[in-house]
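Reminder, nothing fancy here: chain letters follow the sequence lines and each chain counts from 1. When reading the values below, keep in mind they use all heavy atoms of this one structure, side chains included, and skip hydrogens, waters and symmetry mates.
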There are 2 protein chains.
Amino acid sequence: MTVSKTAEKSSEKPGDAAKGRKDAAEAQPEALQLGELSEQLGYVLKRAQLKVFENFLRCMASLQLTPAQFSVLLLVEKNPGRNQTEIASTLGILRPNFVAMLDNLESRDLCARIRSTNDRRSHILVLTDKGKAVLTRAKKLVATKHESRLNELLGQANREALLEMLSKIANEF
Amino acid sequence: MTVSKTAEKSSEKPGDAAKGRKDAAEAQPEALQLGELSEQLGYVLKRAQLKVFENFLRCMASLQLTPAQFSVLLLVEKNPGRNQTEIASTLGILRPNFVAMLDNLESRDLCARIRSTNDRRSHILVLTDKGKAVLTRAKKLVATKHESRLNELLGQANREALLEMLSKIANEF
DNA sequence: GATAATTGTTATGGACCATATCAAATATCG
DNA sequence: CGATATTTGATATGGTCCATAACAATTATC
């Protein structure tokens, strides 16, 4: 089911008509049959996810935010006063792996760690002013350039149905 | 948007009632607000994909097949006489990374490389008898234990609609 | 006050992905 | 034909992400 992020090499010249013929001495490449693969949930899900992330990165190129970083900023904004463990765990990120991520966001002055006075072990996470501004711009980019494509592609009703089904899978599968 | 594969540590004791209270001196953990995150296509898509892969691996534990390996076997079965480059590229796997994967399948006698007589550079891929038998069993496991869950969860009609929407995203996003 | 648990952190290894490069074989073209 | 370019499978290598063990500092527990 694996699908890499490689851009298809596109060695096909769209000008040539008559594709798929076999009798001529041409012996064209002849595309493979996906068969049952296109009905496999995991396969289609993975391919879709890669495409969506790819598009997300393009839309956010000006802000240099990955999907993971965007999710951290969103969650910190919505949940002020939480520490690293809490933010990381609700995102499914392991604490050790969250450290470098925060180092990055902090070095770019998007997010700050503050020693908690209640529990001096933990670091309270907050967005900096720049972080808030960047997040605001990021949200607009995502809404206008990224999520909007879903509506164009599926329509509003289907888009909502899709999100709901995916959430159900994520929570109950 | 990142979501790791970590199993939630489940430090919650389901026996305790009265969750989410705040007035008592207990000061419970209080779950974070996902906010707009739960509406982000990429976030939900990734979480769903991880859950599906996780379930797939559990269902295939007896056969020790990953989603990627299963997809290779499926594609080789459906397209006999193709070489490594063709199989790998249609799966989005880069040729260099496909080598180790085939080494694995071949060492387990599920798949074989055969030097082509037409073009002695290329290796024709075929399933061994054992590979065919394993694939047959794998298909049954996937159908009865894995894909069937989708029907239970969404219903037949919704399941088909989901697959179609995901394919659309994978192909046209 | 001794022991256990938690928080952030480092180190480390594995899985997956991507690029450059190579030898062998084939294709192309003068 | 023969020189050059291309293709195929393969190796080496680096990057990113994910997972576990271990540690010091701090706090909780008894």
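- Annotation: salt bridge (charged side-chain N to carboxylate O under 4.0 Å, His left out) contacts involving residues 65-75 of chain B, sequence neighbours excluded, are absent.
- Put simply, A/Val99 and A/Val126 are part of two different groups of oily side chains (I, L, V, M, F, W, Y) that touch within less than 4.5 Å, one to the next.
- Taking atom CG on B/Leu102 and atom C1' on D/dG9, their separation rounds to 10 Å, with Å as the unit.
- The residue B/Asp119 sits close only to the backbone: its heavy atoms come under 4.0 Å of sugar-phosphate atoms, none of a base.
- As rounded to whole Å, 15 Å separates atom C1' of D/dC18 from atom CZ of A/Phe98.
- Taking atom CZ on B/Arg95 and atom C1' on C/dC17, their separation rounds to 14 Å, with Å as the unit.
- Between the C1' atom of C/dT6 and the NE2 atom of A/His123 lies a distance of 13 Å, rounded to the nearest Å.
- Regarding contacts with the backbone of C/dG8, a side-chain N or O of A/Thr85 is found under 4.0 angstrom from either OP1 or OP2.
- Rounded to whole Å, atom P of C/dG14 lies 17 Å from atom CG of A/Leu94.
- Note on A/Leu32 and B/Ile124: separate hydrophobic clusters, where clusters join Ile, Leu, Val, Met, Phe, Trp and Tyr whose side-chain heavy atoms are under 4.5 Å apart, directly or indirectly.
- Rounded to whole Å, atom P of C/dG8 lies 13 Å from atom CD1 of A/Ile114.
- Note: the hydrophobic cluster containing B/Leu150 does not contain B/Leu57 (ILVMFWY, side chain heavy atoms under 4.5 Å, direct or indirect links).
- Protein atom CG of A/Asn97 is 12 Å distant from nucleotide atom C1' of C/dA11, rounded to whole Å.
- Nucleotide D/dG9 holds its P atom 13 Å from the CD1 atom of B/Ile93, rounded to whole Å.
- Not one side-chain nitrogen or oxygen of A/Arg82 sits closer than 4.0 Å to the OP1 or OP2 atom of C/dT7.
- Under 4.0 Å is where a charged nitrogen must lie from a carboxylate oxygen, and between A/Glu152 and A/Arg159 no such pair does.
- Between B/Thr90 and B/Ile87 the shortest heavy-atom distance is OG1-O, 3.2 Å.
- Nearest to the side-chain atoms of A/Val99 among the listed nucleotides D/dA10, C/dC17, C/dT9 stands C/dT9.
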Enumerate the protein-to-nucleotides 21-24 of chain C contacts in which both atoms are nitrogen or oxygen and the separation is below 3.5 Å.
none

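- Residue pairs meeting the side-chain hydrogen bond (donor to acceptor under 3.5 Å, both in side chains) criterion with at least one member in residues 160-173 of chain A, sequence neighbours excluded, are A/Gln156-A/Glu160.
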